[in-house]
Amino acid sequence: DAKTTQPTSMDCAEGRAANLPCNHSTISGNEYVYWYRQIHSQGPQYIIHGLKNNETNEMASLIITEDRKSSTLILPHATLRDTAVYYCIVRVGDNAGNMLTFGGGTRLMVKP
Amino acid sequence: SAVISQKPSRDICQRGTSLTIQCQVDSQVTMMFWYRQQPGQSLTLIATANQGSEATYESGFVIDKFPISRPNLTFSTLTVSNMSPEDSSIYLCSVLGQGMQTQYFGPGTRLLVL
């Protein structure tokens, strides 16, 4: 699976949009981009994933560049409960049995 | 998605002892995984638990230290054997099943070895 690069940490003001970048310049054509987050003392929580089109769900939006070498996770109105470590992961297949490999992630601190 | 439970949620153990962690899923799943998260670190895959056969271990992890069982499609155990303080970590169960769009994780087991 391709490696990803994320900033170690970011701050965001409560109520503002949080934009978390991820670089995956060696991504292959059959690799998806997944985002998870881990709130302190909990197991990782799935947020969203995509292949090449932008995706949106009730939690977040995922913007993938046309060349697929980078992506941005957007939390439109961050709350204090969104403080967590956010992991960007690329993985072959959509449900092909390939396990997730975690990098360092971005520690997002949402401040009042 | 799936509802995943782990027992115990946390434990404090003495060095040299062993602890077995249980993972229960509310539906049959194709694959079950065990991860370790050392203090302040990211998650590292220990092994894939295979039903009816030996688990598949990642580099750096061996069966003698981390024996794994998977007797059916909804249950797995991970044993941390002959523990040392370096085994103090969060151990996480993860599953992937038919109709699931991705892996889902249990709440984790916090282990402290003294």
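Letters go in sequence order (proteins before strands), and every chain restarts at 1.
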query: At what distance, to the nearest 0.5 angstrom, does OH of Y104(B) lie from CG of L100(A)?
result: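 With rounding to 0.5 Å, OH (Y104(B)) is 11.0 Å from CG (L100(A)).
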- prompt: For the atom pair CD1 (I89(A)) and CD (Q103(B)), what is the distance rounded to the nearest 0.5 Å?
  reply: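 Answer rounded to 0.5 Å: 8.0 Å.
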field: Atom CZ of R107(A) with >12 non-hydrogen neighbours under 6.0 angstrom
entry: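 No - once you tally the heavy atoms of other residues, nucleotides and ligands closer than 6.0 Å, there are 12 at most.
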Consider only side-chain heavy atoms of I, L, V, M, F, W and Y, link residues closer than 4.5 Å, and tell whether [X] and [Y] are in one cluster.
X	Y	result
L73(B)	F75(B)	no
M10(A)	V110(A)	yes
L92(B)	I68(B)	no
L114(B)	M83(B)	no
I74(A)	Y87(A)	no

For [X] versus [Y], what's the shortest heavy-atom pair and its separation?
X	Y	answer
Y35(B)	M99(A)	OH-CB, 3.9 Å
L43(B)	F102(A)	O-CB, 3.7 Å
P44(A)	F105(B)	O-CB, 3.5 Å

With only heavy atoms counted, which part of [X] is less than 4.5 Å from chain A, the side chain, the backbone, both or neither?
X	result
T44(B)	neither
Q37(B)	side chain
L45(B)	side chain

message: Checking side-chain polar atoms at under 3.5 Å, does Y32(A) have a donor or acceptor matched by the opposite partner on T102(B)?
response: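 Side chains of Y32(A) and T102(B): no pair found under 3.5 Å.
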task: Check each atom of Q38(A) against the heavy atoms of chain B and say whether the ones under 4.5 Å are side chain, backbone, both or neither.
output: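 Contact with chain B: side chain only.
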